[in-house]
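What follows is a single structure, written as structure tokens, with notes after it.
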Amino acid sequence: MTENLFAHVRSWVLQDMSAAFPGLPTDVLAKIEVAPSRDAAHGDMATNAAMVAAKPAGKNPREIAALLVDALVKRAGIAKAEAAGPGFVNITLEAAFLLQQIPVILAAKEAYGQGTDKGQKINIEYVSANPTGPLHVGHCRGAVVGDALANLIAKAGYDVTKEYYINDAGAQVIALGRVVYFRYLQALGLADKADAYAASVPGGMQYGGAYLEPVGAAFAALHGTALVDKPESEWLDAARQFGVAKMLDLIRDDLAALRVYFDVFSSEDALVQSGGVTRGLAILEQAGLIYRGVLEPPKGKTPDDWEPREQLLFRATAYGDDVDRPVAKSDGSNTYFANDIAYHADKMRRGYRQMIDVWGADHGGYVKRMQAAVKALAGETPASLDIVLCQIVRVMKDGAPVRMSKRAGTFVELRDLIDEVGPDAVRFIMLMRKSDAQMEFDLNAAVAQTRDNPVFYVQYAHARARSVLRAAGEVTGLAQADLTSLAAPEELALIRKLISWPRMVDSAAEAREPHRIAFFLYELAGDFHALWNAGRDDAALRFIQAEKPVETKARLALVTATAMVIRSGLAVLGVQPVEEMR
RNA sequence: GCGCCCUUAGCUCAGAUGGAUAGAGCACGAGACUUCUAAUCUUGAGGCCGGUGGUUCGAAUCCACCAGGGCGCGCCA
């Protein structure tokens with residue numbers, strides 16, 4: 001028994017089509033799909049096979065559909081097949097065949113929907129916020145989307161590594177080190193020296209938030225007055241590393257509050273120190289893709305201080321980018337892009353041929369060049385880099401946007417958001433939107449205990465299911481239950497939804513769109529609530545029927561399977577199921 | 001000026017890789033409700049899928065152009 005019933009029926013369609021039309025090219029066969037019917041009047045599934053094959057077979061779609069119908073109705077498990085519309089073949093399964101899936105779900109439990117092991121490694125990198133402060137709301141979407149996407153792809157059968165790239169090289173962490181020193185002087189009670197030092201730093205002190213005060217104090221506890229009045233060369237590295245370590249602790253705590261955990265933290269600084277950048281660029285150099293040249297100014301927007309400069313360039317245009325991209329600054333040091341090339345080269349060196357990066361939309365301009373670099377680095381063995389962009393989140397409260405401004409002091413840290421609505425609501429709501437569309441996060445709706453709140457709606461469905469099972473007490477042998485009594489439209493609709501779960505996992509994983517899982521759960525919850533509500537009008541549809549043990553058992557099997565699929569889906573989203581609503 | 005993303009009901013958004021009559025929730029209208037499994041339920045109305053052309057059996061989906069919004073555009077990461 002194939003878990004994915006649609007794939008199972010599709011294999012029948014392919015066999016029957018190939019038998020009827022032996023010459024069909026494989027690319028045509030590949031376009032044949034078997035999908036859930038949108039309308040129950042169209043049966044359980046529909047296939048486009050006849051329409052796809054019309055041209056190569058040289059027949060009109062309805063003729064082909066008629067032939068396919070003749071073949072399909074001979075299959076055990078198919079109750080009815082009929083041609084419809086422009087050439088669809090609608091398939092209605094034998095009730096028994098459909099119902100067989102329930103014991104499959106009961107046996108698989110939360111693992112239902114788990115794809116077969118693809119034997120492929122995928123690296124997914126997300127968050128990767130600079131280690132200069134706590135996470136804010138802007139990071140949150142990437143964290144949730146990346147984490148759910150990683151879970152989803154693992155569910156689809158891939159070997160997934162969750163990775164965080166620490167930007168601990170470059171100007172920002174040097175600035176961090178200086179602030180640590182500034183706070184260190186303050187912690188020692190040397191306010192005058194601290195102010196004098198701050199005034200001496202070109203560009204002034206950054207990261208003014210109070211969160212670095214305890215870091216300075218800890219640094220003072222470690223070094224005492226030993227570093228006072230010493231030049232930067234004697235303390236900057238130590239202050240920087242100390243600050244980065246503390247900030248990473250902070251970030252890890254924030255992520256833990258959101259229930260986001262990583263398999264690997266990868267340090268840019270370590271990569272640079274170990275010669276990674278040289279290694280990465282050498283690959284491109286050997287391929288003849290690095291050259292010295294002068295870029296044209298961007299058309300229509302020449303910067304005031306533009307002057308033609310010769311720099312080291314990567315021939316990104318050879319791989320689909322619009323212009324070649326600099327890998328070295330005019331002073332000879334590497335650009336950020338050079339380090340990113342090196343980082344991706346390092347991932348590939350570690351054996352990943354499939355990579356996914358989750359970025360903020362403000363990095364959208366870097367997608368082409370990074371993908372070009374990966375293609376160039378790949379050489380003979382193909383490698384892919386998918387980039388998922390996350391758009392801005394506007395936080396709304398009482399109908400008005402919550403302004404996020406450091407200066408105004410209304411800067412919303414991730415922790416504030418989690419404290420206000422909880423990790424489950426944050427995660428679920430962040431996943432109710434396609435990641436590359438802007439979204440509004442309504443704080444009021446997120447905590448509402450009503451249908452307005454999708455998190456509540458889904459969790460309530462699970463809690464209701466569990467409540468029925470508690471009320472029913474210990475019932476054994478559900479997997480062997482006689483299910484033939486399950487025939488009400490609401491029951492069948494629910495079963496159809498349950499069996500589409502494995503297919504949903506596959507397609508959402510392939511599209512890299514975890515939000516589809518949130519929508520699936522919302523719909524599944526809706527189907528379950530509909531069945532529950534049907535029992536209000538018609539007592540015969542209630543789950544527990546005192547006088548009818550056989551029907552009750554069948555329904556409890558369905559309820560159990562529903563709860564399992566909801567848990568399976570919530571696990572992908574990283575949302576915890578609840579046993580009861582309080 | 002160029003590139004990428006977006007534009008679907010009054011509002012917030014889905015739309016399965018090109019399929020059948022474009023869907024949900026909120027808001028709005030009309031009903032139901034002796035807590036039974038009700039932190040409600042049923043039902044109605046609401047649309048030129050930003051616009052114009054094209055591709056084909058078939059387009060919200062793909063292509064071209066246009067309009068509006070967002071992001072970005074050689075020493076910042």
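Labels below follow one simple rule: chain letters A, B, ... track the order of the sequence lines, proteins then strands, and each chain is numbered from 1.
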Nearest to the [X] side chain among [options], which nucleotide is it?
X      : options                : answer
A:L295 : B:rG74, B:rC41, B:rA77 : B:rG74
A:M504 : B:rA24, B:rA14, B:rA16 : B:rA16
A:K368 : B:rC76, B:rG3, B:rC13  : B:rG3
A:K55  : B:rC41, B:rU17, B:rU56 : B:rU56

Determine: side-chain N/O of [X] to OP1/OP2 of [N], distance under 4.0 Å, yes or no.
X      : N      : result
A:H363 : B:rG3  : no
A:K31  : B:rU17 : no
A:K59  : B:rC57 : no
A:K434 : B:rC13 : no
A:Y460 : B:rA39 : yes

Where the chi angle of B:rU21 falls, syn if within 90° of 0 and anti if not: anti
Mind pulling the stems RNA chain B is in, i.e. runs of at least three Watson-Crick or G-U pairs, everything under 3.5 Å? B:1-7 with B:67-73, B:10-13 with B:23-26, B:28-32 with B:40-44, B:50-54 with B:62-66
Can you classify the ring geometry of A:Y522 versus A:Y457 as parallel (below 30°), tilted (30 to 60°) or perpendicular (above 60°)? tilted
Measure the acute angle between the ring planes of A:H515 and A:F519, then classify it against the limits of 30° and 60° as parallel, tilted or perpendicular. perpendicular
Atom-to-atom span, [atom1] of [X] to [atom2] of [N] - whole angstrom:
X      : N      : atom1 : atom2 : value
A:Q371 : B:rC4  : CD    : P     : 12 Å
A:I91  : B:rA20 : CD1   : P     : 17 Å
A:N533 : B:rU37 : CG    : C1'   : 9 Å
A:M581 : B:rU37 : CE    : C1'   : 15 Å
A:Q438 : B:rC13 : CD    : C1'   : 13 Å
A:D537 : B:rC33 : CG    : P     : 11 Å
A:F543 : B:rC36 : CZ    : P     : 18 Å
A:R394 : B:rG70 : CZ    : C1'   : 12 Å

Has A:H42 got its ring stacked on B:rA20, by the test of a centre gap below 5.5 Å and a plane angle below 30°? yes
Write down the distance separating the C1' atoms in B:rA32 and B:rA20, rounded off to the nearest Å. 35 Å
Distance, P atom - from B:rU21 to B:rC4, rounded to whole angstrom: 34 Å
Would you mind telling me which of A:D324, A:D321, A:D322 makes a salt bridge (Lys or Arg N to Asp or Glu O under 4.0 Å) with A:K368? A:D322
When A:Y343 is tested against each of A:F337, A:Y164, A:Y165 for ring-ring contact (aromatic ring centres under 6.0 Å, His included), which residue passes? A:Y165
